[in-house]
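These numbers come from the heavy atoms of this one structure, side chains and all, not from hydrogens, waters or symmetry mates. Naming: A, B, ... by sequence-line order, numbering from 1 per chain. What you see is a predicted model, and the numbers here were worked out from it, not measured in a lab.
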Amino acid sequence: MDFELGGTREIVNGELLRSVERGMILVKINNKEYQIRVLKSGSDNFEFILDDTFYTAKIIKSESSEVRLSINGRTHTIKQHSKLAEILEKSLSLTGKVGGENILVSQIPGRVVNILAAVKTEVKKGDSLVVLESMKMQVAVKAHKNGVVKELRVKKGATVARNDVIAVIE
Amino acid sequence: MDFELGGTREIVNGELLRSVERGMILVKINNKEYQIRVLKSGSDNFEFILDDTFYTAKIIKSESSEVRLSINGRTHTIKQHSKLAEILEKSLSLTGKVGGENILVSQIPGRVVNILAAVKTEVKKGDSLVVLESMKMQVAVKAHKNGVVKELRVKKGATVARNDVIAVIE
Amino acid sequence: MVKKIQSLLVANRGEIALRVIRACGELGIKSIAIYSDEDTRSVHVKRADKAYYLGPPSPSESYLNINKIIEIATKVGADAIHPGYGFLSENENFPELCSKNGIIFIGPKKPAMEITGDKMKCKAVMKKADIPFVPGSEGIINDVEEATDIAATAGYPVLLKSAFGGGGRGIRLANDEKQLRQEFEMAAAESKAAFGKAALYVEKYLQRIRHIEYQLVRDAHGQGRHLFERECSIQRRHQKLVEMSPSPVMDKETRNRIGEIAVRAAEAVDYLNAGTAEFLRDEHGNFYFIEINSRLQVEHPVTELVTGIDLVKLQISIAQGEAIPFKQEDLSLRGCAIECRINAEDPFYDFTPSVGVVPNCTIPYGPGIRVDTYLYPGCTVSGYYDSLVAKLIAWGKDFEESRVRTKNALNEFTVEGINTTIPLFKTIMDEDNFLRGELSTDYLERFKILERMNRVAVENSKKDLIPAVSAILLRSEFIKKSHSYQKSTSFRPGLGWQSKG
Amino acid sequence: MVKKIQSLLVANRGEIALRVIRACGELGIKSIAIYSDEDTRSVHVKRADKAYYLGPPSPSESYLNINKIIEIATKVGADAIHPGYGFLSENENFPELCSKNGIIFIGPKKPAMEITGDKMKCKAVMKKADIPFVPGSEGIINDVEEATDIAATAGYPVLLKSAFGGGGRGIRLANDEKQLRQEFEMAAAESKAAFGKAALYVEKYLQRIRHIEYQLVRDAHGQGRHLFERECSIQRRHQKLVEMSPSPVMDKETRNRIGEIAVRAAEAVDYLNAGTAEFLRDEHGNFYFIEINSRLQVEHPVTELVTGIDLVKLQISIAQGEAIPFKQEDLSLRGCAIECRINAEDPFYDFTPSVGVVPNCTIPYGPGIRVDTYLYPGCTVSGYYDSLVAKLIAWGKDFEESRVRTKNALNEFTVEGINTTIPLFKTIMDEDNFLRGELSTDYLERFKILERMNRVAVENSKKDLIPAVSAILLRSEFIKKSHSYQKSTSFRPGLGWQSKG
């Protein structure tokens, strides 16, 4: 399977070969074999010794083709490339029409302190639609594309979480 | 229900009266009512505000008539007195004949480095039967009563946990 | 005159509330916390001797609710109130309301707060006391001729500022007289249109400015002391990020000379308790007074580490009427301390706030390391309050030792569940200009620190590539096994990938 | 002469391994950990740059396995080895084996270790250097007349000790000559019966002894310095419990005078690197040299906090051949530091070891607090190694400030799953004789500290009675509800009581 490191174009191939003995696992990454001593294993929390170095890995978020994880507290994003992932991605982009690319989500959690756009009005990419307040800071949620505001999903005073839908722009 | 504080002869009566509102519970201890704001509740982990003071309570061990728990990190033993507890205790002491009072358990975990007693020999209360090593310290397990060693349940080099049976003395 | 405080209400939350609670513990004073609905499980509630409910999460209904706080303090018989920083700490009515209710306010009196809180009033008082200001007009100027006269004295370039502006708005730069005349016309017209009158003033434009401030303490007996300087030049949008003491540009003579000015400034307003005199230092080494902050500051620990003085305990003893127990010459500056303000913000995404539960965190320890924080595994970082979640302060025998200790501690510091500014500080601690003490208030932009941070992040990711891929492979295997063993309780299906070999 | 160390193997575990790893991090040296099967998830493995498997849990097969350790160090190309304390740190073959393999040993050379490790040899060398010993016989005495002569010079009471004794066995007290003659006959007979010869010696019996030691450092250029004293009188069965610097009985003149003796002792054995000269001080203020400990000591942090010197980094630089960068007169003692050795032992049950998983722990923070520990939530305390799990060290501007900081930090310190000596230290920090600095090696027995600790525990239990009963009531309710909701997954039936209203 191929993995791409977020923020770079670096692609590596990795596969799990087999269990060597109790707690030892053999993997092959970029044609080099590594023995991993697994010390802790859970659905999103792993501890292992690889190349004589101890690592704590925590899976932060895992989606069909992307994993966000931290290694010893440093956060990274790894994209996965495989036939299946490609198919999955395609099927997602097909259904994307209905929501996906038209949906504007909030990147931060906060309370809605101001609404600057109205339904059925035209907006340009980068226009501020809604102002959120969080930790005494005011942050604008900006249109991610040109289009017409089809729906506004938030009201003044409401609380939104990260990734909540703010508006639909067509 | 009556509760006795370990290490003292102090006995208090306590009962849970009712839930007042969401997260608030009314208890009566020694005829005085207290409102408790429950912040966290689990089978052995509680956080609450009582008398305007925050408490973290952890249940360490709970047996039929005794609870060991820590309040804000300070450990206490509370004994419970009730009709049922009395009956329970009696039934336990009845079955105790078979094991209970004849059984010598280890109060500490460790490795057996020496065995000083032999089966069928007579021992006096306080005689050292077995020497355990833990954290570079040697600790003797001593007979808890006069009698004859009926069984020795450990071997030299073996590892014992706290409360493991060391010997049976009749 | 001395009234021993028996109980003290902390009118704040977060790390500073915990800081004050600890000081109370050391002094044998009963600490009283107050909390909003958002803070029922916050560490200040857990650690205080008593904790009282204040109100809904919103600051105006809780930590800014001055009447409710006074009501609680009165009800529970608190002898004193410590305001911390932020919230009500610089509200000039707070000390008076306290004293009306027989409560000792740990801070200055109302008159001093009124002066320090009003730029123009403060300038007038300080000028009388011969405190140096940034050269410029005394107040609002009447016409362009006055502007050019002042600019000629102060020297070009100058800034033309609107009295109604703020936060960088309404500021114009003029490099010579001709430009000043042009800008004046435009600015005056703009100001008139917006506010009805042309309230403008002129100020010398300072370049490569450093923000250097002095810790002050002054007691009820008129004794004033300074506890040396802190350099706080590394800022982002006027918010301090890194503070240190001593400043890399201060020698002993300058330290004492400016320190005396700082103490004089405190005397000029009859200041009481702990405060900070803030100065700008230009690239020629001139110091200009800006303002007095009439409270304990976020960055007070760096001063504590280099002087050995516990400022919060000193605040309490001064508020009790006690005299400062040391003379100026008793104080000495040992080693160096650096503080990083760890905010719950995403430095890779324009410092947007990051809130939520912190399922786990690792707080660094070890020689020279101090962390003031309200974080603990399972705590919540709330969006209702400010984003400072921890202060990492490292002492070393010199700048270099405190720098490497800071760097190592940052590597040990992990906070799960939220984004923090830790990666930014890791970048700064290794940056050449920082190492050379080449600081200015535009440090981040001048040396393209954010770009650097992004590059460092990519480099780190490359280093972690093999373990990261390994972790993903292990996880696939774990999930596959979980499936085949039907361990459905601990496995949430649909979350992850299937191993496809 | 100076060889820069690039990588360093830490031949130890626990908090001291972590301490050395941190020093490596500050110096940019690659740290190499070794671990037994028992320690795969230990913090020193997690924090080191590299970690190599050593062997089974038993010390003889792991951390005492000198050949295996040298083998790993050679294989991975470690430039240096730091032995920590305990394990191989005082094994005189270790430095030589290291140097044979081209590895720098961070500690003294073999000859110095041989002398300091042998009581009689050491005494001979020190006598020559005019170092004061406890008055008594030079070595083994031949007959009772020699014994009474020596006793007459030293002054009664005296102790009669068997050279084959140890740990308090074979020691007899004589208050006058008559008693000495009687005891001598009996002791000689006993000794002959047991060992074939009467190897006895006589020593002045000191009362109300304090254990006061000096931190020493000496470099390869022959420069020796002392970093002042530590008072370590609070002990239990010759194990130190509480250490502090400065000692409450030292004045400046005595400090310098004994310090010079300590440096001379180091010179007498051509000592290299960090070590400790241990003294006894009797109630009349006389100091007697006992021995030199040829390693870094557990209690080194108290010296670090009052002098500002990082001893581990200094050790490494000395081992590299660098000169000590300060003169004796550059050093000063600032404030006071107290260390409590937190052991995994049950102080309420004869200090029996307590081992197992620590599901959770809260490490204290705040002004002046330093904790050196290998504890973290989820860690394991193993029965294979010694019981020290954490050192709490508190700095204050004076004894009183460090004492109250220690006390508060102890209250914040919680360790679940195992018993620790924390309650003992809480008791000591509030005890009057401790407050007055009235210390001696029999402090615990003399002032009945354990009885006091038990009383304090009962008092605390009484204070916590209402919340404890409340917790039990809440739990009954929780269990009842869990039953009725059939939440069987998170509830383990049979564990608790039923609420019987």
D:S332 versus chain C, heavy atoms under 4.5 Å apart: side chain, backbone, both or neither?
both
Identify which part of D:P301 has an atom lying under 4.5 Å from any heavy atom of chain C, answering side chain, backbone, both or neither.
neither
D:K407, D:E15, D:K313: which one forms the most heavy-atom pairs within less than 4.5 Å of chain C?
D:K313
Looking at C:K46, C:R47, C:E304, C:R403, which makes the most heavy-atom pairs under 4.5 Å with chain D?
C:R47
Interchain contact, D:T406 with chain C, by part (heavy-atom threshold 4.5 Å)
neither
OH of D:Y365 to CD1 of C:I363: how many Å apart, nearest 0.5 Å?
4.0 Å
Nearest heavy-atom approach of C:R334 to D:G308 is NH1-N, 4.2 Å
Checked D:L27, D:D310, D:D372 vs chain C; the most non-hydrogen pairs under 4.5 Å come from D:D310
Using a 4.5 Å heavy-atom cutoff, which residues in residues 391-400 of chain C come close to chain D?
C:W395, C:K397
Cut-off 4.5 Å, heavy atoms of chain C, and the answer for D:R22 is both
Looking only at C:E412, C:E401, C:R19, most heavy-atom pairs under 4.5 Å shared with chain D are made by C:E412
Euclidean distance, D:I369 CD1 relative to C:I369 CD1, rounded to 0.5 Å:
14.5 Å
